[in-house]
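Scope of the values below: all heavy atoms of this structure, side chains included, with no hydrogens, waters or symmetry mates.
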Amino acid sequence: MLLSDVARTNKVTVYNANPDASLTNAVKTGDAAATLTRVLDTTALAAAGLSAVATSGYVFKLDNSAGSTTAIATFNGLTGNTNPHTCSAWIRGTGAAGSLRLRLA
């Protein structure tokens with residue numbers, strides 16, 4: 001499938017396609033044992049064909065392997081208007097018990 005969009009403005013105030021080490025405006029809530037970090041994941045990005053999207057090779061990792069309840073990663077940013085908006089995410093998981101919910105608030 002080919003998707004060709006016009007130029008877009010990233011309104012999330014966190015470096016989401018190439019996260020920096022600060023994790024500014026990226027917040028982990030839920031299970032206290034979970035961690036939200038930035039990790040180098042070039043092999044998985046290349047295998048998924050996403051090397052051109054995440055050119056630094058770094059991604060966000062929400063690890064709840066030590067947790068027993070739900071962990072949540074939130075990426076905050078204001079749109080500044082009521083125009084139609086789109087949200088996209090490329091997500092990789094491990095294990096059979098995980099789930100994903102993408103919510104715009």
Side-chain angles (χ1 to χ4, degrees):
M1 176 173 81
L2 173 66
L3 174 62
S4 179
D5 282 333
V6 297
R8 301 286 185 219
T9 301
N10 182 6
K11 293 188 174 186
V12 177
T13 51
V14 64
Y15 295 100
N16 50 24
N18 289 298
D20 67 6
S22 72
L23 297 181
T24 301
N25 293 323
V27 179
K28 190 269 307 176
T29 58
D31 199 300
T35 59
L36 177 62
T37 56
R38 180 185 81 136
V39 298
L40 189 60
D41 203 12
T42 53
T43 302
L45 287 168
L50 295 173
S51 296
V53 175
T55 55
S56 70
Y58 284 94
V59 297
F60 292 111
K61 179 179 182 180
L62 178 63
D63 184 350
N64 195 25
S65 58
S68 59
T69 61
T70 300
I72 301 164
T74 304
F75 303 95
N76 299 309
L78 300 174
T79 61
N81 57 48
T82 58
N83 298 342
H85 290 80
T86 301
C87 180
S88 300
W90 287 277
I91 299 167
R92 175 169 67 94
T94 59
S99 66
L100 167 72
R101 181 175 21 169
L102 184 61
R103 182 179 70 144
L104 301 175

So, the side chain of [X] versus the backbone of [Y]: is there a donor-acceptor pair under 3.5 Å, distance only?
| X | Y | value |
| --- | --- | --- |
| Asn25 | Phe75 | no |
| Ser22 | Thr24 | yes |
| Arg38 | Val59 | no |
| Asp31 | Thr69 | yes |

(request) Compute whether any side-chain donor of one residue and acceptor of the other, for Asp63 and Thr35, lie under 3.5 angstrom apart. (result)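 No.
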(message) Distance check, rounded to the nearest 0.5 Å: Leu62 atom CG versus Leu36 atom CG?
(response)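 The distance works out to 6.0 Å.
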(request) Rounded to the nearest 0.5 Å, what's the gap from CG on Asp20 to OG on Ser56? Could you check? (result)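 Reported value, rounded in 0.5 Å steps: 9.5 Å.
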(message) Just so I know, are the side chains of Leu23 and Lys28 near enough to count as touching, which here means a heavy-atom distance under 4.5 Å?
(response)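 The answer is no; the side chains never approach within 4.5 Å.
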(message) For a 4.5 angstrom cut-off between non-hydrogen side-chain atoms, does Val53 reach Trp90?
(response)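 The answer is yes; the side chains approach within 4.5 Å.
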Could you pull out the closest heavy-atom pair between [X] and [Y], with the gap in Å?
| X | Y | result |
| --- | --- | --- |
| Leu45 | Ala54 | CD1-CB, 3.8 Å |
| Tyr58 | Pro19 | O-CD, 3.3 Å |
| Ala34 | Asn64 | CB-OD1, 3.5 Å |

(message) Would Asp41 and Arg92 count as a salt bridge (Lys or Arg N to Asp or Glu O under 4.0 Å) here? Give the steps.
(response) CA-CA 11 Å; Asp41 203 12; Arg92 175 169 67 94; 2.3 Å; yes
